[in-house]
Every structure is written in C-alpha cells, then in structure tokens.
Engineer: 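Let me begin by handing over the structure; questions about it come next.
Throughout, a chain's letter reflects where its sequence line sits, starting with A, and its residues are numbered from 1.
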Amino acid sequence: MIDKIKHSLEDAIAPLQDGASIMVSGFGEAGIPFELLRAVLDKGLRDLTIISNNAGTHEVGIAGLIKAKRVRKIVCSHPRPINSETFLAAYRAGEVELECMPQGTLAERLRAAGSGLGPFFTPTGYGTLVAEGKEQRVIDGKGYILEQPLHGDFALVRAHLGDRWGNLTYRWAARNFGPVMCMAAKHSIVQVNRVVALGDLPPEQVMTPGIFVQAVVAVGGER
Amino acid sequence: MIDKIKHSLEDAIAPLQDGASIMVSGFGEAGIPFELLRAVLDKGLRDLTIISNNAGTHEVGIAGLIKAKRVRKIVCSHPRPINSETFLAAYRAGEVELECMPQGTLAERLRAAGSGLGPFFTPTGYGTLVAEGKEQRVIDGKGYILEQPLHGDFALVRAHLGDRWGNLTYRWAARNFGPVMCMAAKHSIVQVNRVVALGDLPPEQVMTPGIFVQAVVAVGGER
Amino acid sequence: MSRTHTKQSSAQALQPESYKPLSRNEIAYLVAHDFPDGAVVNLGIGMPTLVADFLPADREILLQSENGILGMGGAASGADIDLDIINASRTPVVLLPGASITEHTIAFAMMRGGHLDYSVLGGFQVAENGDLANWLTAGPDAIAAIGGAMDLAVGAREVIVMMEHVTKDQTPKLLPACTYPLTAAGVVNTIYTDLAIIDVTPSGFVLRAILEGLTVETLAKKTGATLAISDKLTVIRRNAQGEPVYKAV
Amino acid sequence: MSRTHTKQSSAQALQPESYKPLSRNEIAYLVAHDFPDGAVVNLGIGMPTLVADFLPADREILLQSENGILGMGGAASGADIDLDIINASRTPVVLLPGASITEHTIAFAMMRGGHLDYSVLGGFQVAENGDLANWLTAGPDAIAAIGGAMDLAVGAREVIVMMEHVTKDQTPKLLPACTYPLTAAGVVNTIYTDLAIIDVTPSGFVLRAILEGLTVETLAKKTGATLAISDKLTVIRRNAQGEPVYKAV
C-alpha cells in the first residue's frame, strides 16, 4: 500500500540532513510552508541552501532560519521585498551567500530539473548582468542565454488538500511554486490543511499528481 | 468587451489560409476537433502543414484532409497506429511529407514555443537517428540533443467547456495536447461541447487560461 | 475605483513656465486610458500598480499577475480579503468573474511567450535604443533583486515605462545609454513621465505628447538624449473634471 | 482481472529438450509479480499492455499512461466505457480512486524526469550494452513511428524489455550490438523473454532465471551475445496453479 501520510512534522522532515538544498514554495506569504520551516529550525539543521522566490520576511519562515544562522546560501529572484531586514543584515554581515536570478528563469530552471531536460535558452536576461559568464546565442535576431536545470534535495511545500498517494490541490494563488518544486526536488514534503481519503480529489482537479510527492503532513488551520 | 465566442465553425476558422501550419489536439480519438477539421475540409484549404500526435485514422479528421490531398506535411510522433491506412497510402505515393519525432519532444517543443523559450537540450533521442544533424552535448556523463521550439500559425483544439474570455476545461484524458497547443499557436481556435457564462468556471479549475485562446465555438454533443 | 488623482497638493510650487507636473496618479490615469478594449496587461510593482485604479469602466481590460492570476480586480477589503489571493505587490485583491489561476511556470510563459499585450514597468533609466534599467542601482552596496522585471520586459508585445522625467536632483532619466545595469536591452516602446509621453523608435526618442505650459526646449533640457518631435505632437492638459487628456476628441 | 495466461495453446510442439516457452501472458505475469508494492509503472504499447492484467492484488501498483493518466485501472466495459479515458493503446480503461489527469508535457516530464520506477517496453533487439531498438526496422520502406517509446526509454529508474527471445526465423534478438535503429542507448536493465530473465549489467548480459527444461547451452545458442550466469540463477517453472514462478519461496 502506498501511504505517504506522516503523522507529525518531525516524521515528515526526518530525511533532511545538514547541508541539504531545500526548495521552499510561496510567493508573498501565500503558499509558504511555515510549519515545516519551523520544524526544520527546531531540528537544528545547519548549512542549508534555500531555493525560494524570496529570502524570507520578518523573523519567521526562511528569515527565522537565516536569523539562527542555519542558511549558507539563498537562491532566489527577489531577496528584498519589504520586511526583508533579516536577510539584508545577514547578507551584509557576510553570513549568507546570495544567488539571484529572474523569477521566470527560477521557475523554468526548476521545471527543467523536474522534467529531465538539460539546459535551455531563454531570452530573459540577455544583454544584462544575468548573462555574464553564460553561453549566449542570437537566433533570428533575438538574443538568448543558456540556463541550467536547478536540482535540489528536498522541497518543502504548502498545499491545501492531500491524499495518501500524494495528490495535491492548492488554494488560489498559493499554488505558485508548489507544483514545479514538487517536480524538481528529489524528495518533496508537503504540508496540507487537510488530508482527504483516496478518491476524494476529483482526478481532473488534482494540481500535483502524487508521483511528484514523497510525504504529506496535515497542519490543520484550514482557511 | 472581450468576446471570443464564434457562432459557427466557419466563423471560427475564418482566419485560416492556404499554406497555414495547424496544430491539432488529440490522442487516440480523445480530444480531436473533428468538427473543426471538417470545416477546414469544407473550406477547401490546401497546402497545409499539420502538427499533431498522429496522422489521422480511418478517413475522418486529419485523414480526411490527407485523403483530399490538402496536406503538404505531417509533423507528428506516431503516424501509424492502427487504422492509419490513409496516411500510409498518401505517404507511399509521395503526396505528403513526414517529420516524425518523439512524443515528449513534440510536446516540449510546442511548450518552448508557447513559453517564449529558445532551443533546449533533451536526453530523448540521444544516440539515435533522431539526433542526426542536431547539436549534441554530454553533461555529467549523460547525452543530450538540442531541440528547437515548434511554432505554428493556428491550433485547432477540442475542449469541454469554454467562456467568452477563452477559458477552457477539458474532459478527462481528452486534455492531452490541448493546453500546450493553445499556448504554442499564434491563433488558437477551440471547439467546446458547451459555452458557459463568464464566471461559471471556477478559477482554480480552469485548465487553459483565456489568454492562450482566440476563438471558441460550441459544437454541442456534450457527453 | 477611487479617482484620488484630483487630490494632489495645490501647495506645490509652479515652475516659471507655469506647468504643474503630472502626479503619479495622473500618469497612471494616462496609461490606463491608452489601453484598448480587451487588452491583457501586467502591472509591475511600484508606480504601475496605480494604473489598476484608473482603468476605464467602459473597456474590459484583463490584469495578469506574475503569481499566477489572470483577471484580477481591485484591492480586496473586509470579508473579501483572502491572503491566498494577492497581487505581485503582495496586496490582497479580488478576482473578477472569468479569472483563472495557474502555477508559476505558466504565469511566466504568458509573459515570455508574447501573450501579454502590455507590460507596464517602473524605470530608473531608459536609453534611446529602448534599453531599460529598473532593478539595480550602481551603488557598491546595492543588493540584487530581480523578481519578475526581466521576464516582464522581454516578452510583452508592448513595454511601457512609467517614471519621473528626472531624478530628485534633476538628472535626466532618458539617456543615450543607461549607466545602471540593464533589466533588458532594446525593449521599451513608450515612456510615460510626469512631463511627457515619449515613444522609443528605431531612430530614438520621439515626443508624442507634452504637458501643457511646458516648452519643448525646456523638456529637451530635462532629457539626456536627442528628442525628436512627432508630426502629431499633442498637449497633455487637464479637462474640466481635472483628468489629464492628450488626444484630440 | 482475468488470468487468461492459463489458456495458452496446448497444441504447441514441445522442443526436443522438453520445455514449453512462456506465453505472452506468462511473461506478463512474471513482470507483474516482480514489481514491489508502491511501484509506479508505465506499460508501453504491445506486449507490455498485458502486464496490467496480472498485477498482484496484494500490492498497490500505480500505472501511468503517456496521455496524462496516473492511476489507471483495467479495461473498461459496458457503462464504464468513456472514450475520453483511454490508455496508450487507445483502449478504454477505468480510473482507480486516487487517479489524476494531466496535460501532455507533465505526462512526459514524469517519464523523462525520472519519476517512474519502471518503464516496460517491447523490443525488436537489445544489445549487451543496454541499447534498445524497438521503433523502426531497417527495411527500405519502413515508415518512422516513434510515439512515446524514446521518452519512456530514457527516463525511468528501471527499463524492462519484454520480447520473444528470438525472431520467428530463430534469429537472436539479444545481440552484441543492435542492427536496427536505436530507440535509446544504454538504457535497458532487464529483459523478460519467453525463455529467460536476463539482466543487463556493465559487463553485459547476465542470466537471472531460465525456463525449466531448457539448458543454459541451448539458451546461449539462441542468444547472440555472451551470456554470463548469475550466482543466484534460478529456474522458471509453473506452479500447481499453472503460474510461472522463479524465486525461492
């Protein structure tokens, strides 16, 4: 029997080790797996590489890990929306590295990894600092740069409903990076608002098929 | 006001011209826009390039166009499932050209076109005839070949429900190539089983957002 | 939608030539009223966000957001606030009937793939060849933050930049070449500033509309590159309702 | 599910060594019973499709189909037939509780991205380095038809080939190198034939199990490349229920 349901956050993140690269879903506060991130903090993990759209805000989530000096490197598209003081201070103090890339390139690099593709040419960033050191090509008069698949050990994702096969739905725009990160990571761990029985999710409405998910844990708090 | 609803098949395909490249959705008989293809036949269009998973079966749909000598070239992954005698006869008679590629490469080339990406490296076909004449690269010991985006003038797609903004849902596995072809074509024309009022499709369940669709026409026949 | 553009400060000192620069809301009003019915538009963070408040009620204009929403309405309030329905600036919004939600790769395929009619972005600098700089100043301690700007700048059919015509210390922002790192090369179609509307053409900047009371000579001094004049040059004036207009009616 | 593998023709002539080659259904039975509980599997068109009929009832095995279905059940009949729910061979199937539907690029991302545990394919030829040929014969009038085979062959964690051990004219199909055009290079892990189960290792073909009554010498003659013998070689025999088994129980 396939049963990906974990009965505690600790069980769900048990495979994580120091030095892991971890994708974290979310845009704004929508879709951020705060409870899983809190469990990572509590577990005492160190030397982490975090792949996410932002670098955390206030002192929770990714910012909480940065504040506790658990993060070696942030790979993201926008490390300084408002309330990003925790990251900015740590970065200026030399406590954390930064790799910044266009948001669409971040999403597409994750997709290439999850889809088994190699590098791909994108026009985004051509003629800019983003292109430095990268292979470039002009095709039909338009410039492109070669971007690499972005693999990671784990994904921590927030979804809405999940079943024991790992099938997921997301609420509204909390979907954002969840589906592509579940595809891209070797091991995807998903917190859901509610676990439902197998067969409760209509097949046509599943947003992440269970094949891309390794663990599902309910955190309650359904909105 | 945005109103993409067309009131006849003839209106829906009015922009098509001789020599057009046309993507056609469907896998097996699921998702094939038979009514739109019939309208293309009736319109008398010639010298068409058809991009689809198959090359039509029996004497309807794509096979109907081939039989009437309207098709210059078929771009597909599998031109000879059972009942493909129409294509096979035309091909052997030199009446139609064939470009055959792996099915996942077909889907991904369409996606690259629809996503504004340039060429991409895929492992599929490395070391085979498919790789001939293509740029190749070995990365971390794994071989890849460079595949090009596959653009097209039009997509003819079968969906289930559609609204005046062009939002679509599909029935079950009739979804297949519909979403990616709507993205990839310059002008996507969709036959639906039923037109619904704007707002009737739940936002989270829209499978093709209207931005990718230019025309919607109801053919009835809801299953 | 509120039309707070009429509430600008009247305490603002008028220039010697007696013109009153457009407020940010007035610039947004002009941009909003230049979209045709049916346009699909992405409004970047910062000043472009204001455009949503001035979309003409008689046209159906679809707003796309990089976090996967197509068909955004205005800001949500009260019971309509759902923290999972936000725009690119993280503000809760409502969804219009016909809205749809997608995951992130599709949201960016919409931009990069040329499916948006208009992308509206803020700008630090625009060069006469259409180069845009809006993500990183050249300061030694500047921290990179790209977000969706580079994708928004490459894919849309038309790229519109909204910005003040000069910086606070009166340095031109329309230049022969950008001095800040580029967001994208050769992409800008039109610039809406507090003083003028300027098209970026293969031969450089062309003045389409100029603020009432401002001379072309003065505008040219505030512009760091050559400014050609359109045959159809018009004046941006405020109508009886205090709304900025520039087209012959 | 039907167990029609017991219905094979008893009119088939036995070989001098007195062995009865496995029927296609018996090969499918062996493949089906080697999947561990929880495996995610794609069954290619042709002989692999038969595997679906023999999946052990005490294990949960997920079937994926290239047209976007994950969680297929068996063939549909009567009122359950829906022509929009078909497998890769275009046969109407039912969906199990927990099934999901995706569009085509995601269906192939599942394969190419390494998310499938097993991909089961038919084969014309397999080489001792794992090369597979199953899409095009070398004939001058052969018409290319690739379908999903090349994607299925490159991405799955394990690639299993099901085929007769030799062609109808007794030509070996396990070879030092394929003579037909390749489907993929160096991908095959295990071959199930009507005579044996053979692993493809870095040092070539290794015989894991051989049909009862057949000698290794005879099998080697029917194999076009060197055949090493596993330390754990077992015999495939038919149990009291007529089911083929090869593992020590």
Side-chain angles (χ1 to χ4, degrees), chain A residues 1-5 107-120 149-153 155 159 161-170 175 178-188 195-216, chain D residues 35-42 55-73 82 84-86 93-119 148 150-157 159 184 187:
Chain A
M1 189 171 114
I2 300 168
D3 189 1
K4 299 178 181 175
I5 307 299
E108 204 62 30
R109 288 182 61 193
L110 292 166
R111 185 182 178 282
S115 303
L117 297 170
F120 57 92
L150 180 56
H151 294 272
D153 299 322
L161 305 177
D163 66 27
R164 69 176 171 84
W165 280 8
N167 292 310
L168 306 176
T169 63
Y170 303 85
R175 193 182 314 182
V180 76
M181 286 182 171
C182 284
M183 287 173 67
K186 288 192 197 78
H187 188 103
S188 299
V195 167
V196 298
L198 198 69
D200 276 9
L201 299 178
E204 293 167 306
Q205 292 172 26
V206 170
M207 298 170 191
T208 290
I211 193 171
F212 298 128
V213 172
Q214 282 67 47
V216 174
Chain D
F35 297 135
D37 192 19
V40 183
V41 178
N42 184 296
L55 295 172
D58 62 345
R59 298 175 217 168
E60 207 167 47
I61 291 166
L62 258 63
L63 296 184
Q64 192 255 12
S65 181
E66 65 193 28
N67 55 331
I69 302 178
L70 181 66
M72 281 194 303
D82 184 321
D84 286 340
I85 307 179
I86 57 176
V93 293
V94 297
L95 299 180
L96 300 181
S100 58
I101 304 283
T102 58
E103 51 79 46
H104 236 78
T105 70
I106 297 293
F108 278 78
M110 291 180 187
M111 302 174 195
R112 209 193 299 104
H115 305 283
L116 290 179
D117 295 311
Y118 297 91
S119 174
M150 290 192 182
D151 297 285
L152 283 164
V154 296
R157 293 184 190 119
V159 174
V187 297

Engineer: Looking at CZ of A:Arg111 and OG1 of D:Thr105, how far apart are the two atoms once the value is rounded to the nearest 0.5 Å?
Structural biologist: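 Interatomic distance, A:Arg111 CZ to D:Thr105 OG1, rounded to 0.5 Å: 4.5 Å.
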
Engineer: Please enumerate all residues that pass ring pair (Phe, Tyr, Trp, His ring centres under 6.0 Å) together with A:Tyr170, with sequence neighbours excluded.
Structural biologist: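 Checked A:Tyr170 against ring pair (Phe, Tyr, Trp, His ring centres under 6.0 Å); zero matches.
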
Engineer: With a 4.5 Å cut-off on heavy-atom pairs, point out which of A:Leu201, A:Asp163, A:Val206, A:Leu198 contacts chain D the most.
Structural biologist: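 Of the options given, most contacts go to A:Leu198.
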
Engineer: Let's test your reading of the structure: which of A:Gln205, A:Arg164, A:Met207 forms the most heavy-atom pairs below 4.5 Å with chain D?
Structural biologist: A:Arg164

Engineer: Report the C-alpha distance between A:Met183 and D:Ile106 in whole Å, list the side-chain angles of each, state the deciding distance to 0.1 Å, and finish with yes or no for side-chain contact (heavy atoms from CB on, under 4.5 Å).
Structural biologist: CA-CA 9 Å; A:Met183 287 173 67; D:Ile106 297 293; 3.9 Å; yes

Engineer: Pick whichever of D:Gly98, D:Gly114, D:Ala109 has the most heavy-atom pairs under 4.5 Å with chain A.
Structural biologist: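 It is D:Gly98.
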
Engineer: With respect to D:Ile101, which candidate in A:Pro209, A:Pro202, A:Pro203 satisfies the side chain to side chain contact (heavy atoms under 4.5 Å, CB included) definition?
Structural biologist: A:Pro203

Engineer: Of all residues at least two apart in sequence or in a different chain, which pass the ring pair (Phe, Tyr, Trp, His ring centres under 6.0 Å) check with A:His187?
Structural biologist: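 For A:His187 the ring pair (Phe, Tyr, Trp, His ring centres under 6.0 Å) partners, ignoring immediate neighbours, are A:Phe154.
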
Engineer: Sort out for me which of D:Gly113, D:Ala39, D:Gly68 touches chain A most, counting heavy-atom pairs under 4.5 Å.
Structural biologist: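 The option with the most such pairs is D:Gly113.
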
Engineer: Is D:Leu116 close to A:Ile211 at the side-chain level, that is, under 4.5 Å between some pair of heavy atoms?
Structural biologist: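 Heavy-atom side-chain distance check passes, below 4.5 Å.
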
Engineer: Let me confirm one number: the CD1-CD1 distance from A:Ile2 to D:Ile61, rounded to the nearest 0.5 Å.
Structural biologist: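 Reported to 0.5 Å precision, the distance equals 8.5 Å.
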
